[in-house]
Structure formats: C-alpha cells, structure tokens
Colleague: 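Have a look at this one.
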Amino acid sequence: MNPVSAQKPQVPDFALRPRQVHTITDRFSMANTYLITAERTVVVDPGSELNVRLLQKYLQNILHRTSADIDLIVLTHLHFDHTAGVEALRRICSAPVAASAAVKRLALNDGSHKVFPRITHLAEQMLPGSLQHLDLFLPAYTQQVKLIDLWLEDVEGLPFHPDWRVLASPGHTPESLCLYNAFTRELLCGDTVITIEGGAPLLRSSANRAQLEETLRVLRGLQIQYLYPGHGRPILSEHPLESVDVEW
C-alpha cells in the first residue's frame, strides 16, 4: 500500500447509495410529482388529479406498494399546479401534508400581498404558472394553508425521513423549499429550478433579486448528482447548477 495514500482519511462515498426518487408525470411534463421511497413513501407535489392516478398505478405496478405506504405529502410551494391533487391523494391515504413554515408568516400579511385578487386567481387556475414570476399572495393560496398539517423549518430533517433535509429556497415564491439528501446527492427543487427545452436548468425569478442570489449560492454549495425540477426533465450531472441560467 502506498504510505501516502494510507495516511489520507477515508471519506465515505455517499453517491454510492442508491437513489430514492421516482418521477411521476404525464407525457407533456406539465408538472412533476415525485415519490421518495425508503421504508415508507413520501409524495412531493401531488400536482393534479391525473398525477395522483398515475402515482397510484406506479406504486402498485412498479413499486408493488399501496397508498397505505405513503406517510407524508410535501408541498415545495403552494402554487395551484403543484397542490391541486392534494384532496384526491388524501382520499386514498391518510398521510399528513407538510409545507414551509414561512407560509404562516406570509398569511399574517395576506391582505398586503393581494393584487387584483379575482383576476389573478382566475388566471392562475386557467393558465397555471402564468403568474408565477410575480410574488402574488393569491386568494387560493390562503385557502390552501388550511391543507397543511405539518410546518417545515429550514435545515431541519424531513419528518419520519431524517436523511432528507429541508432547505428554504425563496426566490420563485417566498415559501419555496427544496429537499436534499446528502447520502444520495439528490435535490428535489420544486419550481426553484426548472429545466427548459434541451434540459438546461433555469432558476425561477421573483421581485427579490438578493434573495434569489442567496438561494443560488446555497444550492451551488451542495453536492448534487440528481436534480429533480417541478417542471421539465430531471438532470443527472456532476454539477447540474454550475451553468444555470437565472430568470431575472
């Protein structure tokens, strides 16, 4: 054995651990739903009722599990195209719904964030994502707060799944969060990062540029090999955020 190499500390290669994330989406990839599979199953962003039907089939036919194995539902943010399937999912499982604790603070200032409420609410339901570059606290958003059973704090472990850490990622929305597993180097990023045609990652903007830059700095400091966006295709890469475009 080389004496020089023998003196080096042995650093475990976390990337050798098998990844835990499965992607559920329709053929148009309008919005992605993810399953984290360990002893139990976490559903991230139920999306639409169609996504819920697809994930139920995936659980049964591919993973050979049932909806009873779902022990947590996580929302990366509260835009309608990521939350519309919650009620349908709760009809087939009893798992609690979790979202960022920042939502509670935002709800206190509900009235000051409404801009043309009826118009924006209508547009969000007809054209999901069309207004997401604006920091609007839509009326539907306030209603969706009632869906939440568990509040997730920044850098804490995900309830029942401590290998997964919650990372606040304000930028696309103030309450956006990511889920990160250092042992598998997987990052579930909601709409904080999406992938555009060709698979290039795009960081979603907001009115707060400094906040977005801090989010990018934090995410670039992580070891990531698997990037799972809310829209578009997942990316397998050693440094998926190295050349990310930013939508200012």
Side-chain angles (χ1 to χ4, degrees), residues 18-101 103 128-129 140-141 144-153 156-167 169 172-173 175-181 184 186-194 226-234:
R19 56 179 173 169
Q20 299 181 352
V21 176
H22 300 254
T23 307
I24 307 296
T25 190
D26 60 39
R27 57 181 170 176
F28 302 108
S29 295
M30 294 298 292
N32 298 326
T33 295
Y34 293 103
L35 298 177
I36 298 175
T37 55
E39 291 185 11
R40 301 293 299 275
T41 302
V42 180
V43 177
V44 181
D45 289 343
S48 64
E49 290 197 27
L50 171 60
N51 282 34
V52 172
R53 291 196 298 271
L54 291 173
L55 78 83
Q56 192 172 18
K57 290 181 180 179
Y58 191 91
L59 276 171
Q60 294 172 348
N61 300 334
I62 305 299
L63 299 180
H64 306 294
R65 297 189 177 193
T66 70
S67 56
D69 290 317
I70 300 171
D71 68 349
L72 188 63
I73 302 164
V74 179
L75 305 177
T76 60
H77 62 297
L78 297 189
H79 277 153
F80 187 75
D81 55 336
H82 293 260
T83 66
V86 169
E87 291 295 346
L89 183 55
R90 289 186 115 172
R91 287 196 291 269
I92 63 172
C93 77
S94 57
V97 178
S100 171
V103 173
Y141 196 14
Q144 288 167 13
V145 170
K146 300 174 183 178
L147 297 175
I148 312 305
D149 303 301
L150 299 174
W151 298 106
L152 304 176
E153 297 287 352
E156 287 189 350
L158 196 62
F160 323 123
H161 300 269
D163 287 350
W164 287 88
R165 311 301 293 186
V166 176
L167 298 177
S169 57
H172 175 59
T173 66
E175 86 288 355
S176 289
L177 61 80
C178 298
L179 300 177
Y180 176 62
N181 189 327
T184 59
E186 295 175 283
L187 181 73
L188 285 152
C189 52
D191 282 4
T192 300
V193 181
I194 63 170
Y226 304 97
L227 180 71
Y228 303 103
H231 302 275
R233 295 183 178 182

Colleague: Under 4.5 Å between any side-chain heavy atoms of Tyr58 and His22, yes or no?
Modeller: yes
Colleague: Nearest 0.5 angstrom please: Asp71 CG to Ile36 CD1, how far?
Modeller: 10.0 Å
Colleague: What closest approach, in Å, do Val74 and Pro46 show between heavy atoms, and which atom pair accounts for it?
Modeller: O-CD, 4.5 Å
Colleague: Grab the two heavy atoms, one from His82 and one from His231, that are nearest each other, plus how far apart they are.
Modeller: NE2-NE2, 3.2 Å
Colleague: What's the spacing between Ser67 OG and Gln60 CD if we round to 0.5 Å?
Modeller: 7.5 Å
Colleague: Look only at the side chain of Ser169 and the backbone of Thr192, and say whether a donor-acceptor pair between them is shorter than 3.5 Å.
Modeller: no
Colleague: Measure the shortest side-chain to side-chain distance between Pro159 and Leu152 over non-hydrogen atoms and say whether it is less than 4.5 angstrom.
Modeller: yes
Colleague: Just wondering, do Leu63 and Asp69 contact through their side chains at under 4.5 Å, heavy atoms?
Modeller: no
Colleague: Looking only at non-hydrogen atoms, find the nearest pair between Glu49 and Ala88 and report the distance.
Modeller: CG-CB, 3.8 Å
Colleague: Is the closest side-chain heavy-atom distance between Val193 and Leu187 below 4.5 Å?
Modeller: no
Colleague: Report yes if the side chains of Tyr226 and Val21 come closer than 4.5 Å at any heavy-atom pair, otherwise no.
Modeller: no
Colleague: Is there a side-chain contact (heavy atoms from CB on, under 4.5 Å) between Val43 and Cys93? Walk through the geometry before answering.
Modeller: CA-CA 11 Å; Val43 177; Cys93 77; over 6 Å; no
Colleague: Does the Asn32 side chain pair with the main chain of Arg233, one donor and one acceptor, at a distance under 3.5 Å?
Modeller: no
Colleague: I'd like to know if the side chain of Glu186 reaches the main chain of Arg19, judged simply by a donor and an acceptor atom lying under 3.5 Å from each other, with no hydrogens or angles considered.
Modeller: no
Colleague: Angle class for the His77/His79 ring planes (parallel below 30°, perpendicular above 60°, tilted otherwise)?
Modeller: perpendicular
Colleague: Taking all heavy atoms of Ala31 and all of Thr25, pick out the closest pair and write down the distance.
Modeller: O-OG1, 3.4 Å
Colleague: Going through the checks in order, is the side-chain contact (heavy atoms from CB on, under 4.5 Å) test met by Thr23 and Tyr228?
Modeller: CA-CA 8 Å; Thr23 307; Tyr228 303 103; 4.3 Å; yes
Colleague: State whether the side chain of Arg53 and the backbone N or O of Ser48 hold a donor-acceptor pair below 3.5 Å, judged by distance alone.
Modeller: no
Colleague: Step by step, work out the side-chain contact (heavy atoms from CB on, under 4.5 Å) result for Leu72 and Leu158.
Modeller: CA-CA 9 Å; Leu72 188 63; Leu158 196 62; 3.7 Å; yes
Colleague: As an exercise, state the distance from OG of Ser176 to CG of Leu75, rounded to the nearest 0.5 Å.
Modeller: 11.5 Å
Colleague: Give, for atom CG of Asn61 and atom CD of Gln56, the distance between the pair rounded to the nearest 0.5 Å.
Modeller: 10.0 Å
Colleague: Counting C-beta onward and ignoring hydrogens, is there a side-chain heavy-atom pair between Leu78 and Val103 closer than 4.5 Å?
Modeller: yes
Colleague: Does a side-chain heavy-atom distance below 4.5 Å link Glu87 with Leu147?
Modeller: yes
Colleague: As an exercise, state the distance from CD of Gln20 to OG1 of Thr41, rounded to the nearest 0.5 Å.
Modeller: 10.5 Å
Colleague: For Leu188 versus Val44, what's the shortest heavy-atom pair and its separation?
Modeller: CD1-CG2, 4.1 Å
Colleague: For a side-chain contact (heavy atoms from CB on, under 4.5 Å) check, start with the C-alpha distance between Thr76 and Asp191, then their side-chain angles and the critical distance, and finish with the verdict.
Modeller: CA-CA 8 Å; Thr76 60; Asp191 282 4; over 6 Å; no
Colleague: Kindly give the heavy-atom pair with the smallest separation between Asp45 and Thr33, and that separation in Å.
Modeller: O-OG1, 2.7 Å
Colleague: Using only heavy-atom distances, determine whether the side chains of Asn181 and His161 contain a donor-acceptor pair under 3.5 Å.
Modeller: no
Colleague: In Å, rounded to the nearest 0.5 Å, how long is the span from CG of Leu179 to CG of Leu167?
Modeller: 8.0 Å
